[in-house]
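Every chain is numbered from 1 and lettered A, B, ... according to where its sequence line falls, protein lines coming before strand lines.
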Amino acid sequence: MAESAPQTSINIPQIIAVAFVGFFAIRWFLNKPSSPGSAPGSSSSSQRGQQPDLTKINQLATMFPQLDRRTIAWDLHRNGGSVPATTERVLSERGLDAPPVTWQPNIPAPGQQAPSASVGSGGARKEGSGRKEDDLITRYNLQGRVGGKGKEVVPSEEEQRKSAWSSDKAARAEGLRKRREEMVLAARRKLEAKGAEGA
Amino acid sequence: MNSVASKRLFQEYKHLTTDPPDGITAGPVNEDDLFVWEAMILGPEGTPYEGGVFPAELKFPKDYPLMPPTMRFLGGVWHPNVYPNGVVCISILHPPGDDPNHYEQASERWSPIQSVEKILISVMSMIAEPNDESPANVDAARMWRERRPEFEKRVRADVRRSLGL
């Protein structure tokens, strides 16, 4: 009895210390996945980085259509997936940082199946080149005005430049649309002629 | 239509319609919302972008002209100073004041005395002369610097494709 008494008195603080340290260690482990600012190199967070929360990205992309989805994903990834924090950053003067080139998460573009992870070229560029296929002729619904003999009335340069300001809203919109279309068609005619010359 | 921003944007629209600079067309997508514009820039002559038409979207903040709009090329442009998503990186579109990195002069940045017309003209000259020092598209910048013929070939192909040729 006399021998064991001092032993217990040594052990109890030790046990308490171990329990204390253990408690915090477990807490730290459990909290880590959701704690902001965890080291990007750690395996758990880079795992999350590869599978960004699409709902959050979509939500932010809807709010800020000018932003690249990869940039949004990068900021979410860094702040632990907080939409308000990213929103605040976008609205602040600094805006979002560009993600490093090496960071290539698998973010499907809206309304399309998840593409296989792109290598090197980057997901963002993939998105960009996807839109590029929509050429200007398609974009401005000019299919009916190209490919023919090109005999449609071509307004003279003078006529084009003298786009008078109309007091009517609809007429103004119509004028602007016409000028846009004519710009595309003129560019196409010019390039077509150049291509024919070169051939 | 009552705010300072709307009035100013309407004035600028009027000016750009009656006296447009060469190779530039710009105006609101819908006059009911003067804060979203669509602009078209003709590729500058003597550059691989020559002959191309580059549509871009301009979005104005509610406190325009105190703060600058953002500009994004629709469909993207392969250029060192255009982000892969089409956003244009040019000093005139940066908020007023001194650059915290002392890289740009305050005079190069946005200020209320600038205008949509000046932005579009600046972007046009940026297209012709990329600024290699602060690339927005690192891949394009590297190609422009190291493999110029390949860069020009790619741009010309993009231009033809964008016009459906």
Side-chain angles (χ1 to χ4, degrees), chain A residues 64-71 93-95 98 101 120-140 142-143 146-147 160-166 169-170 172-173 175-195, chain B residues 13-20 22-32 37-43 50-55 57 59 67 69-78 82-87 89 94-95 97 100 136-140 156 158-165:
Chain A
F64 308 106
Q66 78 276 18
L67 290 177
D68 179 19
R69 291 165 70 79
R70 193 167 143 255
T71 314
E93 222 173 79
R94 279 193 59 207
V101 190
S121 66
R125 221 182 77 192
K126 212 168 189 178
E127 235 181 274
S129 57
R131 276 201 305 270
K132 219 177 275 173
E133 282 160 29
D134 221 20
D135 62 48
L136 297 175
I137 305 301
T138 320
R139 194 182 151 78
Y140 295 100
L142 299 172
Q143 295 95 330
V146 297
Q160 277 180 61
R161 288 194 61 86
K162 274 189 198 146
S163 41
W165 180 254
S166 163
K169 197 165 121 179
R172 283 198 296 263
L176 182 62
R177 190 182 61 80
K178 277 213 177 109
R179 283 196 296 140
R180 262 193 212 127
E181 288 179 358
E182 192 41 49
M183 203 165 161
V184 173
L185 290 171
R188 191 183 145 105
R189 277 195 299 269
K190 220 169 153 182
L191 207 61
E192 219 167 8
K194 213 169 127 192
Chain B
Y13 174 34
K14 188 171 177 179
H15 175 70
L16 279 166
T17 304
T18 48
D19 186 21
D22 273 336
I24 287 172
T25 302
V29 174
N30 176 351
E31 260 188 55
D32 295 331
W37 283 35
E38 190 169 317
M40 282 183 138
I41 297 182
L42 205 61
E50 179 176 351
V53 175
F54 302 96
E57 179 189 66
K59 281 196 175 155
M67 293 303 267
T70 56
M71 182 169 174
R72 187 171 74 87
F73 278 113
L74 304 162
V77 176
W78 185 246
V82 178
Y83 284 100
N85 63 356
V87 172
C89 179
H94 293 162
N137 184 337
V138 180
D139 295 338
R156 283 198 195 95
D158 279 352
V159 164
R160 289 192 74 82
R161 195 174 56 232
S162 73
L163 288 167
L165 290 172

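Under the side-chain contact (heavy atoms from CB on, under 4.5 Å) criterion, A:K169 pairs with A:R172, B:E31, B:D32, not counting sequence neighbours. Annotation: salt bridge (charged side-chain N to carboxylate O under 4.0 Å, His left out) contacts of B:R156 (sequence neighbours excluded): B:E152.
Proximity to chain B is limited to the backbone of A:L67, based on heavy atoms less than 4.5 angstrom apart. Interface residue B:A26: only backbone heavy atoms are found under 4.5 Å from chain A. Residue B:K59 touches chain A through its side chain alone, counting heavy-atom pairs closer than 4.5 Å. Of the atoms belonging to B:E57, not a single heavy atom falls under 4.5 Å from chain A.
Between B:G51 and A:A187, the shortest heavy-atom contact is O-CB, 3.4 Å. Considering all non-hydrogen atoms of both residues, B:L16 and A:R179 come closest at O-NH1, 4.1 Å.
When B:L165, B:V29, B:N30, B:V138 are compared by the number of non-hydrogen pairs under 4.5 Å with chain A, B:L165 comes out ahead. When each of A:K190, A:R177, A:R180 is checked for heavy-atom pairs under 4.5 Å with chain B, A:R180 comes out on top. Here B:K14 is the residue among B:K14, B:M40, B:M71 with the most heavy-atom pairs under 4.5 Å with chain A.
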*Stepwise side-chain contact (heavy atoms from CB on, under 4.5 Å) check, B:E38 with A:L176*: CA-CA 10 Å; B:E38 190 169 317; A:L176 182 62; over 6 Å; no
*asked:* For A:V184 and B:L163: C-alpha separation, side-chain torsions, deciding distance, then whether side-chain contact (heavy atoms from CB on, under 4.5 Å) applies.
replied: CA-CA 7 Å; A:V184 173; B:L163 288 167; 3.9 Å; yes
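Side-chain contact between A:E182 and B:T25 is absent, with no heavy-atom pair separated by less than 4.5 Å. For the pair B:P55 and A:L136, the minimum side-chain heavy-atom distance is below 4.5 Å. Considering only heavy atoms from C-beta on, A:R70 stays 4.5 Å or farther from B:P84 through its side chain.
Under the 3.5 Å distance criterion, the side-chain polar atoms of A:R188 are matched with a main-chain donor or acceptor of B:G164.
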